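To start, the structure under review is shown below, and the notes come after it.
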Amino acid sequence: MSKAKQSKIKNPYSYALVAPIGIIFAIFFVIPTIVSFFFSMTRWTLFDWEFVGFENFVQYFKEASLAIGFKNTLIYGVVTSGLKVIFGLALALLLTGRLRAKGFLRSVVYFPVLVSTIGVGFTFSILMDPNYGAINKAIVAFGKTIGWETYGPGWLVDPNLLPLFSVAFVDVWKGVGIATVLYMAGLASIPQEYYEALAVDGGGAWDKFRNITLPLVRPATAAVVILSFIGGLRSFDLIWAMTNGGPGFLSDVIASINYKQYQAGFYGLATAGNVILLFFVLAIVGPVYWFFNKKEKQA
Amino acid sequence: MTKRGIALALPLALVFGATVAAPSQAADTEITWLVDNGQANQDAANALIAAYEKANPGNKVTLVLRPGGTDGDNLVKTKLATGSMEDVFTYNSGSLFQALAPSKNLLEMTNEPFMKNVLSGFYPVVSVGKKVYGVPFGTASVGGILYNKKVYAKLKLKIPTTWAEFMANNKKIKAAGIDPVIQSYKETWTSQLFVLADYFNVQAAYPNFAADYTANKEKYAKNKVALRGFQYIEENKKLNYFNRDYASTTYAQALDKLALGQGAHYPMATWAIPQIAAQQPANLEDVGFFAQPGPKASVNGVTVWVPSGTYIPAATKNAAAAKKFVGWMTSAKAVDVMNGVEGFAGGPYYIKGANIPNALPGAVQDVMKYFAKNATAPALEFVSPIKGPNLEKILVEVGLGITTAAKAAAAYDADVVKQAKQLGLKGW
Amino acid sequence: MKKFLHKYWIDFLAIPIGLFVFAAPFILIFLTASKNSKEAFQFNFEMPEKFLLWENIKTVLGTSDGVVIRAFINSTILTIVSVTLIVVVCSMAAFVFARRPGKLTNFANIMVLAGLVVPPAVVPTIWVLQRLHLFKTLQGLILIEVAYSAAFAILIYKGFIASIPKEIDEAAAMDGCTGFALWRRIIFPLLMPVNVTIIVTTSVAVFNDFTNPLYFLPGSDNATVQLTLFYFQSAYLTQYNLLFTDILLITIPPLIVFIIFNKKIVSGLTAGSVKG
């Protein structure tokens with residue numbers, strides 16, 4: 001470092017360090033997003049555009065499947081993030097505990113994270129096929145043994161909410177590995193002495209969990225909740241791969257509704273839909289984020 | 001620093017070199033051709049390329065595949081918008097062609113010498129005004145009902161010429177323990193045939209339907225004849241005539257069921273024939289075709305899907321080579337090549353003097369009878385630019401019993417509003 | 001014997017359940033990849049009549065002039081370069097955000113949230129890439145992947161850096177080590193555990209990315225591995241055995257990454273707890 005810089009009592013945290021990612025982010029993310037806000041107010045055929053003000057937004061809210069879409073998006077987000085918190089923490093506890101096969105099982109749990117989403121979507125679509133899939137074949141066989149005649153549920157085709165929950169289940173199956181890793185990191189940062197101190201005071205396993213583990217693992221919980229909730233609300237790839245928003249429109253979420261507009265070539269309308277999705281997620285995640293940040297400052 | 005520096009420098013150096021790519025194109029005698037990845041189309045395309053390169057040594061055509069369906073639509077539009085389209089591409093004609101903004105994005109072909117080889121009946125679906133932008137790829141396809149001849153023979157059924165006869169046949173078929181009507185909702189596009197193939201009957205009753213529909217004067221929900229297609233699905237669902245696993249059956253599985261006699265009828269178009277030829281060659285001749293019947297026996301004909309078009313983007317850097325290839329595709333040799341691809345010919349070509357092979361599958365011969373009688377009409381999407389994107393999903397809802405025909409028709413009418421506005425049509 | 005059972009009962013329960021829940025689908029992939037086209041259509045767990053895995057792999061690798069091999073090379077370059085960039089530039093920025101409160105940091109927090117929430121706009125991004133002559137280039141796609149992964153990486157890095165005592169920075173600063181040198185010599189080495197996490201998660205995400213290459217690096221010359229799945233899924237007849245062989249093949253690189261770094265994740269975590 002040059003002597004001139006030293007004598008200036010410069011802040012050691014130079015903003016220059018932020019520049020590289022700042023520039024990349026601005027050019028490839030911020031600018032297109034701002035541009036798209038503009039295009040959400042146009043009728044856009046990709047080839048030319050016509051300013052129409054808020055008409056896209058009005059048209060969007062007239063969309064028949066929209067009410068279902070908003071409801072499903074919320075359900076999907078809550079269910080997947082909730083289950084990832086519960087299973088993630090449970091698995092993390094299991095895998096940092098007494099288990100001898102820890103290393104092996106950690107790999108097994110994390111493995112689904114590695115497989116491509118499309119690959120997972122395909123595989124489970126096949127497993128869940130109501131007539132040829134292994135899951136229902138097992139159910140039918142089991143039913144025969146206890147005299148219960150059934151064809152097994154239509155996991156991805158029943159005309160109700162079952163398809164949405166089936167996809168949510170696969171989403172959790174695939175993503176719980178990351179939650180587990182985050183929780184394992186969180187658990188590892190809790191000093192052993194705390195547990196030993198509580199044991200000396202006569203605390204049992206449940207007390208340890210409630211009074212030490214749960215509160216001290218909060219940063220990990222925050223990370224898991226926020227990441228998986230946002231991911232869940234925005235989720236598209238898996239739902240699209242497994243049900244296409246179907247049957248009919250029953251497993252549509254906001255992201256798939258937007259994609260369908262995009263597919264059909266209504267680019268202005270689709271962009272407006274993305275803007276709406278953005279505000280929807282902010283409105284819901286914002287408070288959650290603020291809640292966790294506050295608690296962290298308190299701690 | 002040095003160790004890490006090297007670790008960083010190596011991948012960066014790789015990047016500033018080229019990506020691992022196929023050799024770059026030489027000017028003017030190498031072009032690229034974008035085709036959808038349907039197996040029959042791939043086979044035909046490869047055969048055409050092989051023949052073209054043989055007849056024109058030194059010329060190279062590279063085939064590029066894209067997905068079909070709405071993903072494909074999207075990709076085509078994006079490529080055109082960003083000037084990254086291949087030199088030649090094949091895509092639907094009719095309303096989907098109109099959505100490409102042809103006057104802006106495509107190379108005009110009206111005065112090219114090879115256009116003389118193309119039947120004028122094809123011009124409207126690849127034109128804007130008097131300017132023509134494409135040549136046909138493959139044959140016309142026809143929509144109606146594919147049926148299993150063995151089932152009909154066993155139950156001594158006659159080809160129905162009215163809807164009532166059709167449903168009576170279904171009743172007998174069901175009683176015999178066979179699925180009367182196959183549906184394959186896992187691939188939602190297949191749900192549309194009952195409605196779309198019925199267009200022959202609609203335009204027979206209302207010759208001006210297309211124009212009025214485009215001008216927002218006709219509606220599916222309000223027009224009783226147009227509504228029938230929706231009601232046909234509703235009716236069959238109520239009577240439980242679909243195969244039990246219809247919600248999760250795929251298109252390929254449906255074709256198997258039909259060919260093997262597990263189901264009697266499959267509302268579909270003749271583009272399925274090459275597929276059946278590939279999947280169940282031994283049973284190909286068990287499949288026949290008849291037009292979707294309407295209320296009267298005197299009005300009985302088929303709805304025609306005009307073939308796809310092959311186009312050239314305006315932004316191409318190899319216009320001369322592209323035109324040469326496209327022109328060759330209208331030649332008699334090209335027709336011979338296409339005829340040589342098993343089952344690819346599903347109806348007449350739109351090329352002058354083109355012959356259809358003599359050894360046609362029985363189903364296609366059934367189709368040709370309607371052409372001989374002139375009992376054909378183009379599907380609505382070729383005479384009106386309006387087709388809403390959600391029809392297939394709405395019809396799945398009808399088929400699953402989630403909604404009624406009346407509500408579905410109203411929903412579809414609302415759906416097309418977006419398309420009409422997007423196209424900037426008057427009256428919407 | 002009783003003691004043995006008492007010690008290991010969790011293992012006896014956990015291993016089969018774990019395998020069943022998490023590994024069974026993978027077994028289906030593997031089995032289907034080893035069958036011929038007709039058997040694959042049956043979608044079951046039965047053993048294939050003839051073990052055709054090697055044949056299928058050869059077929060898959062030979063398809064379309066070896067597009068799968070090209071795709072692997074492209075995807076590997078894409079992943080390595082993107083992840084290297086992400087680890088370097090994101091940890092640098094996160095360092096500043098974690099240590100230096102102020103307007104920029106507040107703004108950055110909003111940007112991070114935006115980066116996680118806002119779905120990217122495809123066509124405007126293409127428009128930007130074209131202006132910069134980066135459209136349909138691997139370099140362009142790399143920058144895209146970095147931009148899209150930045151929010152997550154910065155979030156994780158920020159959290160971790162917060163747990164590094166500020167005294168370390170101050171001690172180094174007194175010795176004249178500031179800015180870039182401070183980051184490079186002191187902070188970055190301390191970030192090894194979380195670097196591993198970021199490397200693993202980001203490289204898997206980039207390698208498995210499907211939609212971004214589809215839009216920003218189109219063309220079979222430029223294929224990346226997820227797009228090769230298209231070649232076996234035609235509109236009408238899907239060759240499931242080849243499709244699953246392809247899925248199998250494209251799962252191997254992320255698996256290798258995981259096997260290499262798996263131990264480091266574990267040791268990184270326990271090292272953290274010993275420091276306390």
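None of these values were measured; they are calculated from a predicted model. Lettering follows sequence order; numbering is per chain, from 1.
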Chain A contacts, top residue of C/G115, C/P253, C/A24, C/G140 (heavy-atom pairs, under 4.5 Å)
C/G115

So for C/L248, is it side chain, backbone, both, or neither that comes closer than 4.5 Å to the heavy atoms of chain A?
neither

For the residue pair A/T96 and A/R106, establish whether any side-chain heavy-atom pair is separated by less than 4.5 Å.
yes

Contact origin within A/I230 toward chain C - heavy atom pairs under 4.5 Å:
side chain

Of C/T251, C/L143, C/V194, C/L19, the largest count of non-hydrogen pairs under 4.5 angstrom with chain A goes to C/L143

Which answer fits C/L255, side chain, backbone, both or neither, if we ask what part of it has an atom under 4.5 Å from a heavy atom of chain A?
both

If the condition is side chain to side chain contact (heavy atoms under 4.5 Å, CB included), which residues does C/L28 pass it with, not counting sequence neighbours?
A/T123, A/I126, A/L127, C/T32, C/F45

Return yes if some donor-acceptor pair links the side-chain N/O of C/S203 with the main-chain N/O of C/V200 below 3.5 Å, else return no.
yes

Within the distance-only criterion (no hydrogens, no angle test), does the side chain of A/T180 pair as donor or acceptor with the backbone N or O of A/A92 below 3.5 angstrom?
no

Quick one: which of C/P25, C/A23, C/A114, C/G18 has the most heavy-atom pairs under 4.5 Å with chain A, could you say?
C/P25

Sorted by chain and number, sequence neighbours left out, side-chain hydrogen bond (donor to acceptor under 3.5 Å, both in side chains) with A/S116 holds for C/Q226

In terms of the angle between their ring planes, are A/F29 and C/Y148 parallel, tilted or perpendicular, with boundaries placed at 30° and 60°?
perpendicular

Could you walk me through whether C/N212 and C/L141 satisfy the side-chain contact (heavy atoms from CB on, under 4.5 Å) test, starting with their C-alpha distance in whole Å, then the side-chain angles of each, then the deciding distance to 0.1 Å, before giving a yes or no?
CA-CA 8 Å; C/N212 293 324; C/L141 185 59; 4.1 Å; yes

Region of A/K137 that comes under 4.5 Å of a non-hydrogen atom in chain C:
side chain

CE-CZ distance between C/M92 and C/F95, expressed to the nearest 0.5 angstrom:
11.0 Å

Please look at A/V30 and chain C and tell me whether the side chain, the backbone, both or neither of the residue comes under 4.5 angstrom of a heavy atom of that chain.
side chain

Between chain A and each of C/I250, C/L104, C/I156, count heavy-atom pairs under 4.5 Å; write down the option with the most.
C/L104

Side chain, backbone, both or neither of C/V204 within contact of chain A (heavy atoms, under 4.5 Å)
side chain

Measure distances from A/F124 to the heavy atoms of chain C and classify the residue's part below 4.5 Å as side chain, backbone, both or neither.
side chain

Sub-4.5 Å side-chain heavy-atom contact between C/L116 and A/L227:
yes

Main chain of A/L238, side chain of A/T117: is a donor-acceptor contact present, judged purely on distance under 3.5 Å?
no

Please classify the contact of C/V21 with chain A as side chain, backbone, both or neither, using a heavy-atom distance under 4.5 Å.
both

Can you say whether C/L132 sits under 4.5 Å from chain A via the side chain, the backbone, both, or neither, judging by heavy atoms?
side chain

As an exercise: rank A/P112, A/A26, A/P32 by heavy-atom pairs under 4.5 Å with chain C and give me the winner.
A/P32

Residue part contacting chain C, namely of A/I34, when any heavy atom lies under 4.5 Å
neither

Applying a strict 4.5 Å limit to non-hydrogen atoms, the region of C/F160 in contact with chain A is neither

Would you mind checking which part of A/L91 comes under 4.5 Å of any heavy atom in chain C, side chain (CB onward), backbone (N, CA, C, O), both or neither?
side chain

Parallel under 30°, tilted from 30 to 60°, perpendicular over 60°: which one fits the rings of A/Y259 and A/F236?
tilted

Using heavy-atom distances under 4.5 Å, tell me whether A/V275 contacts chain C through its side chain, its backbone, both, or neither.
neither

